[in-house]
Protein chains: 2
Amino acid sequence: MVSIKDVAKKANVSTATVSRVISRPEAVKEETSMKVMKAIHELKYQPNVLARQLRKLETKTILVIVPDITNTFFSKVLRGIEYVAVSKGYKVLLGDAGNDVAREGEFLNVLRQKQADGIVLLTARMETSLIEEFALDYPLVLACEYIEGSTIPTVSIDNISGARKATEYLISLGHKKIGMITGPLNVVLGRDRLKGFSQAMARHDLPVEPSLVQEGNFTYDSGYNMMLKFLALSNPPTAVFAANDEMAFGAVKAVKDRRMRVPEDISVIGFDDIEFSSIFEPPLTTISQPTFEIGTTAMELLLKLINEDELTRNQYILEDKLIERQSCVSNNNPL
Amino acid sequence: MVSIKDVAKKANVSTATVSRVISRPEAVKEETSMKVMKAIHELKYQPNVLARQLRKLETKTILVIVPDITNTFFSKVLRGIEYVAVSKGYKVLLGDAGNDVAREGEFLNVLRQKQADGIVLLTARMETSLIEEFALDYPLVLACEYIEGSTIPTVSIDNISGARKATEYLISLGHKKIGMITGPLNVVLGRDRLKGFSQAMARHDLPVEPSLVQEGNFTYDSGYNMMLKFLALSNPPTAVFAANDEMAFGAVKAVKDRRMRVPEDISVIGFDDIEFSSIFEPPLTTISQPTFEIGTTAMELLLKLINEDELTRNQYILEDKLIERQSCVSNNNPL
DNA sequence: ATTTAGAATGTAATCGATTACAATCAGGTT
DNA sequence: AACCTGATTGTAATCGATTACATTCTAAAT
């Protein structure tokens, strides 16, 4: 291990000078600088970042807690975070909870032990009071999810308006009997998308029949099963809004298995626009989230927090977008 | 920031004793220990890990370089790595190259600067000499990819035998005219899967016609286009082996767009068994890689390297598996 | 030649832990 | 009482950088 002392000795200067050559070259004479650089190269010196960090009490590392790294939605957000982080000289520590809520909280110790300068949470399923407290002590940004009534800086889309948009699209196609497969209603995300659905229906004076709202859990299987329930109805919906794409896939599959067609017999719209949605058959009409931008915005926000810059606001709502593909069609089955 | 000194003062002992209470409690008297613990709790003391790491010259962190984090194949391997890492008290630094070869190499500095104790490479596209040199100086494990003729510890499946297995499966179904859509042939992975294909054909005395081997680049679009080439032949293949699932999806789509059916008119087999292969229509027959196990094995291997344990061998070949779904069927179109 | 300001460099404290070594203590032996 | 041993605890060096402050140099001004 070659340290700054070795370089200093070799170049016949003090360690202070070596340090200055590295961090503030303008403060040292050209000639000395050359000498030092030469020694650095000859010894292949690499500063020990741990020592630097200890001295400066900063790590140039941020922690990202992800509920499930194998979910492309999150990995795309993560990529956005990484992109900005690396460009600003930060490294990204990954905390993958593997869909286990208990593990999410454990990662917080990384911050407490000063091994990261800040944290981005892509999940808010742990105790909200814990998160709130934590945000008081450390730079923290919420992305994708949010906590109701909290002032923690948050980046996300407006899930209510997104869901409303999806529903109104179906309505604009002439559908009146519309079913919804919701996400789990114990998380804000699930509730918000249902809320958007209800708002759209109300705005157009359409009734929301309880039998046409089924609670899923964001999985393919739940989408499949809930659609089966709809199809068992004496008077099934002509269109279905699934709160995410996986459930929409399951729903479409259920329709096909019943020897019916999407979109001819039933229109289906999803939410998220994941990778496979365009490859799926029929290509899925859905609401697209700006995943990469959510990531970059969250990271930029965190950087401001770390640098104690003034925040102009703490809720950043990004634009979602309706992606029209081929799983929805005008209602040709008027009551 | 409360440090060990504050605790020492409060408990009326030296910092050495506090340190011992934390790391070797058996070396300090019960009574003192209690006093110290009390102070620790009252002050909510958290040891500064940076300082500890600096002193011990270890970081309890490993770096994983991923070519593309949004690819579920890699994120599953990553999850395996994380799983073992966290259970052994290690943290995972993520280096996502975003499919940019140049960025892969940049992450190596993290190691040089002693910010990680070891590294797992899920890609070997940078200069092999660079990797070889690096492996001399730092604990390094290759996962998924490998370098020909290298002694670097490697965890992967046997791509040649996997490809052979896929091809022989088609042959066992009575197919004789079999096409292959390869991966890029400038990477070992691509070459190996082609090699396996050729071996299987040779073993069964089947000719490999040049027009029936098309080079793709692992993307959906390339699969689509190469299949189009096959279909334009006067005598197209009755079965096609695509070197990964994405290309297989594209290939199937091409067949459908030509108003033919998979598997009735053409059988298609893929490689990797990614998430959507089972949802795809028809559900894709493919070779499944034990992604999670690749990750766990790689991490365990790296741990051994870090602890300087003896390695019994340096090539770990895990078992792949043929997953029979519905995209392949017996040849009903004998020449 | 002397003074002086500003540039360049060096000295040593510091960040917060760990740990080799030294010092002290408690209790048992003689 | 004097001595010894092993258990406990304390002192201070150490890890490798950064940086406040002190010192020395340089060159221009007087």
Side-chain angles (χ1 to χ4, degrees), chain A residues 1-40 43-61 89 91 109-117, chain B residues 1-40 43-61 89 91 109-117:
Chain A
M1 259 299 300
V2 10
S3 80
I4 198 169
K5 276 188 194 164
D6 304 313
V7 177
K9 196 178 296 172
K10 177 143 197 153
N12 221 346
V13 296
S14 73
T15 61
T17 301
V18 177
S19 177
R20 277 189 283 259
V21 169
I22 292 169
S23 53
R24 291 192 303 127
E26 72 280 4
V28 18
K29 221 201 298 179
E30 180 81 18
E31 190 189 329
T32 332
S33 195
M34 298 293 266
K35 253 194 328 188
V36 172
M37 290 304 280
K38 189 156 159 284
I40 288 181
L43 294 173
K44 292 191 182 164
Y45 167 69
Q46 287 277 348
N48 181 317
V49 183
L50 279 181
R52 176 183 299 165
Q53 290 173 352
L54 172 59
R55 182 58 224 254
K56 295 191 163 185
L57 292 180
E58 64 172 19
T59 63
K60 289 285 179 181
T61 299
K91 289 169 295 304
N109 269 329
V110 172
L111 265 275
R112 297 203 184 92
Q113 297 172 346
K114 303 281 177 300
Q115 294 191 88
D117 297 342
Chain B
M1 257 299 299
V2 11
S3 81
I4 198 169
K5 275 189 196 165
D6 306 313
V7 177
K9 196 179 296 171
K10 178 142 198 156
N12 223 343
V13 295
S14 73
T15 62
T17 300
V18 176
S19 176
R20 276 189 285 258
V21 168
I22 292 168
S23 54
R24 293 191 301 126
E26 72 280 5
V28 18
K29 221 203 296 180
E30 180 81 19
E31 190 189 328
T32 333
S33 195
M34 298 291 267
K35 253 195 329 192
V36 172
M37 290 304 279
K38 187 155 161 284
I40 288 181
L43 295 173
K44 291 190 183 168
Y45 168 68
Q46 286 278 349
N48 181 315
V49 183
L50 280 180
R52 175 184 299 167
Q53 290 172 352
L54 172 60
R55 183 58 222 256
K56 294 192 163 183
L57 292 179
E58 66 172 19
T59 64
K60 288 283 178 182
T61 298
K91 289 168 295 302
N109 270 329
V110 173
L111 264 276
R112 297 203 184 91
Q113 296 172 346
K114 303 281 177 296
Q115 295 191 88
D117 298 341

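Lettering follows sequence order; numbering is per chain, from 1.
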Under-4.0 Å side-chain N/O to phosphate OP1/OP2 contact, T17(A) with dT9(C): no
I need the minimum non-hydrogen distance between V2(B) and Y45(B), along with the two atoms involved. O-CD1, 3.5 Å
Please confirm whether the backbone N or O of K60(A) pairs with a side-chain atom of K91(A), one donor and one acceptor, at under 3.5 Å? yes
Which ones in residues 22-31 of chain B lie close to DNA chain C, meaning a heavy atom under 4.0 Å from one of its atoms? none
To the nearest 0.5 angstrom, please state how far the NZ atom of K9(A) sits from the CD1 atom of I4(A). 13.5 Å
Mind listing the N/O atom pairs, protein and nucleotides 12-17 of chain D, below 3.5 Å?
| residue | atom | partner | partner atom | Å |
| --- | --- | --- | --- | --- |
| dT14(D) | O2 | R55(B) | NH1 | 2.8 |
| dG16(D) | N2 | A51(A) | O | 3.3 |
| dA17(D) | OP1 | Y45(A) | OH | 2.7 |
| dA17(D) | OP1 | N48(A) | N | 2.6 |
| dA17(D) | OP2 | I4(A) | N | 2.2 |
| dA17(D) | O5' | Y45(A) | OH | 3.3 |

M37(B) CE to T32(B) OG1 distance, which is reported to the nearest 0.5 Å: 13.0 Å
Just how far is it from atom CG of L54(A) to atom CG of L57(A), taken to the nearest 0.5 Å? 6.5 Å
Gap separating the OG atom of S19(B) from the CZ atom of R55(B), nearest 0.5 angstrom: 9.5 Å
Can you tell me how far OG1 of T59(A) sits from CD of Q53(A), rounded to the nearest 0.5 angstrom? 5.5 Å
Divergence of helical axes at both termini of the helix from dA1(C)-dT30(D) to dT30(C)-dA1(D) - five pairs an end, 10° steps: 70°
Would V21(A) and K35(A) satisfy side-chain contact (heavy atoms from CB on, under 4.5 Å), going step by step from the backbone distance to the final call? CA-CA 10 Å; V21(A) 169; K35(A) 253 194 328 188; over 6 Å; no
Between M1(B) and K114(A), does the side-chain contact (heavy atoms from CB on, under 4.5 Å) criterion hold? Intermediate values first, please. CA-CA 10 Å; M1(B) 257 299 299; K114(A) 303 281 177 300; 3.1 Å; yes
Output the distance between atom CG (N48(B)) and atom CZ (R112(A)), rounded to the nearest 0.5 Å. 15.0 Å
